[in-house]
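See below for the structure under consideration.
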Amino acid sequence: LEADLGSTVDGVLAVDPDERVLGLNRAGARLIGADPEKFEGRSIQEVGRHPDLTDLAQCVLGGEGPLERHILVGGISDRWLQVHATGLVGTDEQPIGALLVMNDVTRLRRLETMRRDFVANVSHELKTPITSIKGYVETLLEDPPADREAMERFLGIINRQADRLDAIISDLLSLSRLEHYAESNGLERHDLALSSVLERTVRDLTGRWPDAEGRVTLACGDNLRAAVNAPLLEQAVGNLLDNALKYSSPETPVALDCRSLDDGVAIVVTDKGQGIGPEHLPRLFERFYRVDKARSRQMGGTGLGLAIVKHIAQAHGGRVTVESRLGEGSTFTIHLPTEAPA
Ligand code: ADP
């Protein structure tokens, strides 16, 4: 039994009716931060040092159970354990202790928190434009402005808010498609010259940014190739260029370069804009994370652009990184491996 328990990934802890530890496998010792060599004869309080764990064992020893609880065990990093506790009975049907089986559910709980936060964030983001549209429509219905100019101003606001809803929903759909690719590993890729993909991306910019032609310079050798999904890579680089133009003043340049690396290629977007403070960098690629909410909204931002870039890079087996200095500008780099992952 000991050999079996030693190799299982579940943590197993057995205590006798006096709350002394009878057995603790390696996984269990790791989960509760105990020494796997030093438990025999010691009490569960001494070995586990987690009051909730002791309490659970005591409940089962007192005749309750089977029980299941989530227990937070502190230490170097907090960890959530899902613990199933049952009474142990001897061959003569007499209680001889309690058995606790522990699983690390920290990751699951973190994902669950992220999912909840995401739903709350999406609802909030959608609610803002909808509230505004409703307000203006009600005003138009109840008290229509007499002059055409005021009417057009109201309709202009409603139109912008509807565009905003459209942009948020399009970005959310992009993200959900990207998650699907990541799960099914089904991204279609072709070996392409990067220069042709990037030239197209810059050309498409001019529809959104009339001054882009004068501001954006592209430097990419014709011999650089990578296995890419062209529409997605264009979307990612387009998002980075949009941001570079959006968060810098109109007279500053934006550079789009590509470089060869030992293990792949780098696509680099550099601006000389307002830059980003170091405290924001770790969370910059999270959904809906914005440094300056008001400015992002005013510029028509959804707060999802960089999350999309991150997911597109990852769907290619690559990653995106950022370096920035406040007041000096930012550099975003998409690293793509030359070899498509199997
Ligand atoms: P948004 O739609 O708000 O632009 P993004 O996900 O594209 O959302 O970017 C998140 C935030 O990161 C932006 O709101 C902005 O504060 C900051 N940011 C992104 N790119 C740049 C940049 N090139 N320069 C300065 N700030 C940037």
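All values derive from a computational prediction rather than experimental measurement. Counting starts at 1 for both ligands and their atoms, following the listed order.
- Within the structure, the ring-ring contact (aromatic ring centres under 6.0 Å, His included) test picks out the following pairs touching residues 96-143 (sequence neighbours left out): Y136-F154.
- In this structure, K246 is part of the shell of residues with a heavy atom less than 4.0 angstrom from ligand 1.
- Considering only non-hydrogen protein atoms, atom 15 (C) of ligand 1 sits nearest to Y247 CZ, 3.6 Å.
- Residue-ligand proximity, F332 to ligand 1, at heavy-atom distances under 4.0 Å covers atoms 20 (N), 23 (N).
- Heavy-atom contacts from other residues, nucleotides or ligands closer than 6.0 Å to NZ of K134 number 12 or fewer.
- The main-chain N or O of I276 is found under 3.5 Å from a side-chain atom of S324 such that the two form a donor-acceptor pair.
- The closest side-chain donor-acceptor pair between H280 and Y289 falls under 3.5 angstrom.
- Linking ILVMFWY residues whenever their side-chain heavy atoms come closer than 4.5 Å, directly or via other members, leaves V89 and L56 in distinct clusters.
- The shortest separation from a heavy atom of F285 to ligand 1 is not under 4.0 Å, leaving the residue out of contact.
- For S330, the closest heavy-atom approach to ligand 1 falls below 4.0 Å.
- Taking a cut-off of under 4.0 Å to the non-hydrogen atoms of Y289, the atoms of ligand 1 that pass are 10 (C), 11 (C).
- Residue contacts with ligand 1 for I276 involve side-chain atoms from C-beta outward but no N, CA, C or O (heavy atoms, distance under 4.0 Å).
- Ion pair R200/E234 flagged as a salt bridge, since at least one NZ, NE, NH1 or NH2 atom sits closer than 4.0 Å to an Asp/Glu carboxylate oxygen.
- Side-chain atoms of S248 and D271 form no donor-acceptor pair, as typed in the model, at a separation below 3.5 Å.
- In this structure, of L326, N243, L304, the residue bringing a heavy atom nearest to atom 7 (O) of ligand 1 is N243.
- Checking L284, D271, L240 against atom 12 (O) of ligand 1, the nearest heavy atom belongs to L284.
- R259 CZ: 12 or fewer foreign heavy atoms inside a 6.0 Å radius.
- Residues forming a side chain to side chain contact (heavy atoms under 4.5 Å, CB included) with D163 (at least two apart in sequence, or on another chain): N159.
- Below 3.5 Å of separation, one finds an N or O of T302 facing an N or O of ligand 1.
- Considering only non-hydrogen atoms, atom 2 (O) of ligand 1 lies nearest to G303 out of S324, G329, G303, G305.
- Ranking protein heavy atoms by distance to atom 3 (O) of ligand 1, first place goes to S296 OG, 2.5 Å.
- Among T270, T331, L306, the residue whose heavy atom lies nearest to atom 9 (O) of ligand 1 is L306.
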